[in-house]
Amino acid sequence: MHPKHRGRGLPMAGIALAATMLGVSAPARADPQPTVVELFTSQGCSDCPPANAAVSTLADRPDVLTLSFGVTYWDDLGWKDTFARPQYTQRQWDYARGLHHADVFTPQVVVDGHADTTGQSPAMIEPLIRAAKAQRAGQPQIRVQPGRVEISAAAARAPAQVWLVRYDPHVVQVPIRRGENGGKTLPHRDVVFELVKLGDWSGPARSFTIQPSANTNLKTAILVQAGPGGRIIGSAKG
């Protein structure tokens, strides 16, 4: 039994962190910089569909950006995830190090890069969103235009990475033929298809050129992140 494949439960430190945040009660509001909710999931994981559904309930909120990343380490257990990429598995490992976890697990929901949960119900995710809103301060302003993204000057403790994300906002029904979910057809939403580092940002205003996507069904988002597995300090929907 490989821990990457079966380590599904949230480590105790993550459970304690989520519990301490339950008292935060700032109301949800439309925010020019949405809180980023990243789901790490696999079509071959029987524990993942509830988390997929929970994150999907947040997808239409203007104050939230939901992104679904398919990971690869379930691919040898009977079903190869049709959306998974090694790059997304590496992103999850970056979070494991940043959040001081010994291993990766599915499902995992990471909110603004600095708090996580298994996310198998909206009630597990909402407190982390409210807490993340309370902790964002002094973030750069991000403006996404056709072919270009502009980031304003702001105080920065250390160089940050600027990421271009392209994702499908539609619900995609995926028939699973083998593995733990064999015989089921599972809905997926906000699936990430492109994750590209545009460059670095260290405080002064910067702009980056972005190439158009060959897939016109995809939406664009920009993340400014404090290094691999670090806090999201700025975000924008295109």
Side-chain angles (χ1 to χ4, degrees), residues 10 14 18 21 26-43 45 47-71 81-85 87-89 91-92 94-95 99 104-133 135-136 139 142 144 163-174 186-196 213 215 217-225 229-238:
L10 180 65
M21 293 180 175
R29 60 186 175 86
D31 199 305
Q33 296 222 16
T35 302
V36 182
V37 175
E38 298 178 62
L39 169 66
F40 293 92
T41 184
S42 174
Q43 296 165 5
C45 164
D47 287 346
C48 288
N52 294 353
V55 172
S56 183
T57 66
L58 306 170
D60 291 324
R61 284 175 47 171
D63 62 328
V64 172
L65 169 63
T66 58
L67 300 171
S68 177
F69 293 91
V71 297
D81 190 295
T82 57
F83 301 134
R85 295 185 182 179
Q87 182 187 19
Y88 306 157
T89 304
R91 184 169 179 82
Q92 191 186 24
D94 289 339
Y95 278 132
L99 295 166
V104 292
F105 55 93
T106 54
Q108 181 186 26
V109 172
V110 180
V111 178
D112 257 8
H114 71 99
D116 70 328
T117 173
T118 56
Q120 291 169 301
S121 72
M124 300 176 73
I125 307 172
E126 288 285 0
L128 306 189
I129 293 175
R130 294 195 294 268
K133 291 181 181 299
Q135 294 180 40
R136 274 225 196 159
Q139 68 264 36
I142 304 171
V144 183
W163 291 94
L164 167 69
V165 185
R166 287 201 168 106
Y167 62 98
D168 188 347
H170 305 95
V171 175
V172 180
Q173 299 287 346
V174 181
L186 302 178
H188 292 69
R189 187 175 182 183
D190 293 334
V191 174
V192 174
F193 283 89
E194 297 180 35
L195 180 63
V196 179
S213 175
N215 186 342
N217 291 323
L218 302 183
K219 284 193 172 182
T220 296
I222 298 295
L223 309 180
V224 180
Q225 185 165 20
R231 184 186 298 266
I232 304 292
I233 61 176
S235 61
K237 299 179 183 181

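A distance of 3.0 Å separates OG1 of Thr118 from CE of Met124, quoted to the nearest 0.5 Å. Separation of atoms CD1 (Ile142) and CD1 (Ile222) is listed at 7.5 Å; rounding is to 0.5 Å. Between atom NE2 of residue His114 and atom CD1 of residue Ile233 there is a gap of 12.0 Å, rounded to the nearest 0.5 Å. Atom OG of Ser42 sits about 9.5 Å away from atom CG of Asn52, to the nearest 0.5 Å. Taking CG of Asp116 as the reference point, atom CD1 of Ile125 lies at 11.5 Å (rounded to 0.5 Å). Thr35 OG1 to Gln135 CD: the interatomic distance, rounded to the nearest 0.5 Å, is 10.5 Å.
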Practice item. Apply side-chain contact (heavy atoms from CB on, under 4.5 Å) to the pair Val191 and Val172, showing each step before the final yes or no. Key: CA-CA 9 Å; Val191 174; Val172 180; 5.6 Å; no
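With 3.5 Å as the limit, one finds a donor-acceptor pair spanning the side chains of Asp168 and His170. Side-chain atoms of Tyr95 and Gln108 form no donor-acceptor pair, as typed in the model, at a separation below 3.5 Å.
Within the 4.5 Å cutoff, side-chain heavy atoms of Val109 are placed close to those of Val37. Taking 4.5 Å as the limit, some side-chain heavy atom of Ile232 sits within range of a side-chain heavy atom of Arg136. At least one side-chain heavy atom of Leu65 sits less than 4.5 Å from a side-chain heavy atom of Leu223. For the pair Thr41/Thr106, no side-chain contact is recorded, criterion being any heavy-atom separation below 4.5 Å from C-beta on. Ile129 places a side-chain heavy atom less than 4.5 Å from the side chain of Leu58. In this structure, the side chains of Val224 and Gln139 stay at 4.5 Å or more apart for every pair of heavy atoms.
Looking at Lys219, its side chain never comes within 3.5 Å of a backbone N or O of Val165 through a donor-acceptor pair. Under a 3.5 Å cut-off, the side chain of Asp81 and the backbone N or O of Gln43 do form a donor-acceptor pair. For the pair Gln225 (side chain) and Gly113 (backbone), a donor-acceptor distance under 3.5 Å is absent. Remark: the backbone N or O of Pro34 is paired with a side-chain donor or acceptor of Ser235 at under 3.5 angstrom.
Heavy atoms only, all atoms of each residue included: Leu39 and Ala51 are closest at CD1-CB, 4.0 Å. Of all the heavy atoms in His188 and Leu186, the pair that sits closest is ND1-O, 3.2 Å. Nearest heavy atom pair, residue Lys237 against residue Arg61, reads NZ-O, 3.2 Å. Listed here is the closest heavy atom pair of Cys45 and Pro49: O-CD, 3.4 Å.
Note on ring orientation: taking the six-membered ring where Trp is involved, the planes of Phe69 and Phe40 are parallel (angle under 30°, cut-offs 30° and 60°).
Every side-chain contact (heavy atoms from CB on, under 4.5 Å) that Asn215 has, sequence neighbours left out, goes to Ser213, Asn217, Leu218. In this view, Ala53 satisfies the side-chain contact (heavy atoms from CB on, under 4.5 Å) rule with no residue, not counting sequence neighbours. Taking Arg189 as the reference, Asp60 meet the salt bridge (charged side-chain N to carboxylate O under 4.0 Å, His left out) condition, with sequence neighbours excluded.
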